[in-house]
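Beneath this line is the structure, given in structure tokens, with notes to follow.
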Protein chains: 2
Amino acid sequence: MKPDRWLGLDLRHLVALKTIADEGSFGRAAERLGYTQSAISQQIATLERIVGLRLIERPGGPRPISLTEAGRILLRHAEAIEARILAAKADMSALEAGDAGRLRVGTFQSVGTRVLPTLLRRFSEDHPGVEIVLRESADEVELLEMVERGELDLTFWTLPVPAGPYDTVELLRDPYVLVVPAGSPLAELRRPPTLKEIALQPLVGFSRCNAMDEVESHLESTGRTPNFVFRSDNNGTVQGLVGAGVGVSVAPLLTVDEDDESVAVVDLQGRIPPRVIGLVWHRDRHRSPAAEAFAKTAIAVCRELAREPAAA
Amino acid sequence: MKPDRWLGLDLRHLVALKTIADEGSFGRAAERLGYTQSAISQQIATLERIVGLRLIERPGGPRPISLTEAGRILLRHAEAIEARILAAKADMSALEAGDAGRLRVGTFQSVGTRVLPTLLRRFSEDHPGVEIVLRESADEVELLEMVERGELDLTFWTLPVPAGPYDTVELLRDPYVLVVPAGSPLAELRRPPTLKEIALQPLVGFSRCNAMDEVESHLESTGRTPNFVFRSDNNGTVQGLVGAGVGVSVAPLLTVDEDDESVAVVDLQGRIPPRVIGLVWHRDRHRSPAAEAFAKTAIAVCRELAREPAAA
DNA sequence: GCTTTCGATCATGAAACCTGATCGTTGGCT
DNA sequence: AGCCAACGATCAGGTTTCATGATCGAAAGC
């Protein structure tokens with residue numbers, strides 16, 4: 001194997017290619033990167049000499065440039081390589097900061113209240129040396145972005161995960177249930193209520209989020225647009241409103257406080273596919289022993305939790 | 001995002017790190033790469049300045065060096081990046097050679113005789129501009145290696161595929177059947193023969209290969225080591241020997257010539273899980289429109305083939 | 001036809017790179 | 001102990017590479 005000329009390949013070259021593709025011109029790319037136009041021009045010339053193919057079509061004059069076929073293909077590789085370098089960089093600075101014994105984990109509310117207590121207790125018993133830093137966010141997407149940027153080592157997430165440099169593991173399936181005021185006729189049915197029956201009710205729900213959108217689109221598939229009369233980010237508020245008779249709520253079982261006597265919980269028997277909760281981490285980043293152990297413990301805890309479905 | 005110092009990162013640096021890890025010494029790495037020991041030493045110094053961490057532990061004197069934690073982690077990234085660069089390089093030389101209209105496909109015997117004829121006819125009707133270069137090999141592993149090296153664009157393969165930079169798609173499940181001499185008592189049974197019954201017979205089989213090993217380990221799981229009296233690479237030979245009464249053969253249905261009246265084919269009803277045939281390509285390499293189309297056609301053809309199980 | 005926009009090219013000074021020689025350290029050998 | 005061999009670090013040097021700033025050439029818009 002002799003990468004010969006390719007050995008001189010510089011990250012700088014790839015970044016230049018990418019920036020030019022972004023900006024659509026040598027000059028603007030140069031400006032963004034803090035170089036001269038001349039420098040960029042020469043960098044691309046070198047890159048083209050290395051790969052042996054013209055990468056950018058320069059029509060001459062003020063006409064816009066465009067990538068050749070080869071340029072487009074190489075660009076995709078360049079992006080992958082740059083991403084990998086960013087991952088390496090994140091690994092290095094984590095190491096530099098002495099993060100070996102620290103684990104930064106992203107969570108959201110329902111995981112926080114039901115899964116984390118047991119999980120954290122168990123984990124810190126088994127791994128007393130590891131400090132866990134939790135980061136709870138109402139905005140799920142933010143958690144993923146933090147994983148991508150290397151600001152979190154792991155995050156909980158409702159699967160599936162959008163395209164990106166992620167690896168995942170499934171932890172548990174959290175079925176959706178209907179929460180109704182205690183004594184509501186919907187709780188007395190011998191059968192689970194249909195989606196249409198639900199869509200006809202006044203609804204109380206969570207603010208827009210992945211999981212909620214999923215529920216809404218399922219309800220909409222009945223042909224009737226669901227009528228949300230109130231939304232909140234807080235489980236307690238939602239459940240309080242249901243208890244007060246404001247409406248009914250479709251919620252993942254884990255978010256429901258089943259000890260609340262003002263409401264009744266109705267099984268939907270899978271009429272809406274369950275919310276799948278998983279753990280997500282960066283595909284390209286180093287997985288510390290602590291992170292591996294955390295995932296393992298999480299899997300174990302969730303398996304137990306699934307076996308005793310809130311049978312208090 | 002400012003990769004700052006990392007912009008100066010050179011492929012050369014990463015290769016140096018990798019080679020040192022391989023060789024265990026600066027000097028030998030230098031020799032292998034055609035540099036001076038001094039050059040290598042300086043390259044690593046630069047690399048360490050870029051990442052800001054010591055990557056290699058030099059105990060001094062004639063003692064062997066070792067990678068630090070940071071070095072090991074960075075090495076993994078370096079390998080990934082180098083692999084990606086090789087993929088890019090392969091893409092570029094394919095482009096340079098004007099391979100846009102050429103598709104190099106790896107196959108093996110059973111696919112070659114049963115699937116390819118229909119597939120190729122259909123494909124070249126739909127895509128007359130694409131030239132297909134077939135590469136048949138008795139050694140399956142070789143096919144995979146050629147894909148990894150970029151010498152093949154696609155290859156057929158019996159899934160699952162070993163770890164490596166591959167993407168796959170399943171084409172069809174090819175059940176194992178028992179081939180016995182015509183009139184054999186095994187063909188008269190009302191039920192499929194058990195694995196134990198098979199293991200007691202004299203067996204004729206293919207030469208060692210993935211699929212065959214799978215069959216053997218299944219037969220061995222009965223506690224009786226199967227008694228192979230003859231092996232051949234050629235379907236016809238194997239079947240001829242069975243017809244001649246030398247033994248019986250466990251073979252994937254696709255490899256069997258069902259028109260041969262000297263043998264009878266006995267369904268095993270899944271006692272051995274079917275051989276899964278799929279298409280494999282390089283995860284990191286560019287997928288040409290021709291390759292995509294080939295995969296699509298292959299999937300379609302195999303779906304039809306599965307529907308009419310050799311009902312000639 | 002003039003101007004503007006853009007990339008290519010060229011000369012120049014600065015920085016990076018490789019080589020060859022030399023040095024410091026350490027383990028093994030006598 | 002003393003010498004030697006193996007190994008990486010370091011230094012001086014010539015060479016290559018790199019970025020700059022100025023200049024040139026092509027083409028579109030007015």
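Source: prediction; values computed, not measured. Lettering follows sequence order; numbering is per chain, from 1.
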_With a 4.0 Å cut-off on N to O distance, would you call B:Asp22 and B:Arg28 a salt bridge?_
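Salt bridge: no.
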*Is any NZ, NE, NH1 or NH2 atom of the basic residue among B:Arg135 and B:Glu142 found under 4.0 Å from an Asp or Glu carboxylate oxygen of the other?*
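Counted as a salt bridge, because a side-chain N and a carboxylate O are separated by less than 4.0 Å.
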Provide, to the nearest angstrom, the distance between the [atom1] atom belonging to [X] and the [atom2] atom belonging to [N].
X: B:Arg5; N: C:dA15; atom1: CZ; atom2: P; result: 18 Å
X: B:Leu55; N: D:dG8; atom1: CG; atom2: C1'; result: 15 Å
X: B:Ile40; N: D:dT10; atom1: CD1; atom2: P; result: 16 Å
X: B:Leu7; N: C:dA15; atom1: CG; atom2: P; result: 18 Å
X: A:Arg12; N: D:dT17; atom1: CZ; atom2: P; result: 13 Å
X: A:Gln42; N: C:dA11; atom1: CD; atom2: P; result: 12 Å
X: A:Ile44; N: C:dC6; atom1: CD1; atom2: P; result: 17 Å
X: B:Leu47; N: D:dA9; atom1: CG; atom2: P; result: 13 Å

Pair of N/O donor and acceptor under 3.5 Å linking [N] base with [X] side chain:
X: A:Ser38; N: D:dG21; answer: yes
X: B:Gln37; N: C:dT19; answer: no
X: B:Gln43; N: C:dA16; answer: no

*Taking for each residue the nucleotide of DNA chain C with the nearest heavy atom, is it B:Ala39 or A:Gly27 whose nucleotide lies nearer the 5' end?*
A:Gly27
*Looking only at non-hydrogen atoms, find the nearest pair between B:His13 and B:Ile50 and report the distance.*
CD2-CD1, 4.4 Å
*Would you please confirm or rule out a distance under 4.0 Å between OP1 or OP2 of D:dA27 and any side-chain N or O of A:Arg58?*
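Looking at the OP1 and OP2 atoms of D:dA27, neither is under 4.0 Å from any side-chain N or O of A:Arg58.
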*Kindly say if B:Arg63 contacts the phosphate of D:dA6, meaning a side-chain N or O under 4.0 Å from OP1 or OP2.*
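So the side chain of B:Arg63 is outside the cut-off, no N or O lying under 4.0 Å from OP1 or OP2 of D:dA6.
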Side chain of [X] only, please: which of [options] is the nearest?
X: B:His13; options: C:dC17, C:dC18, D:dG21; answer: C:dC17
X: B:Pro62; options: D:dC11, C:dT5, D:dA6; answer: D:dA6
X: A:Phe26; options: C:dA11, D:dG8, C:dA8; answer: C:dA8

*Give one of base, sugar-phosphate or nothing for B:Ser25, where a contact means two heavy atoms less than 4.0 Å apart.*
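Here B:Ser25 touches the backbone only, sparing every base.
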*Could you tell me if the ring centre of B:Phe108 sits under 6.0 Å from that of B:Phe156?*
no
*Greater than 12 external heavy atoms within 6.0 Å of A:Glu31's CD*: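 Atom CD in A:Glu31 is not crowded, with 12 or fewer foreign heavy atoms closer than 6.0 Å.
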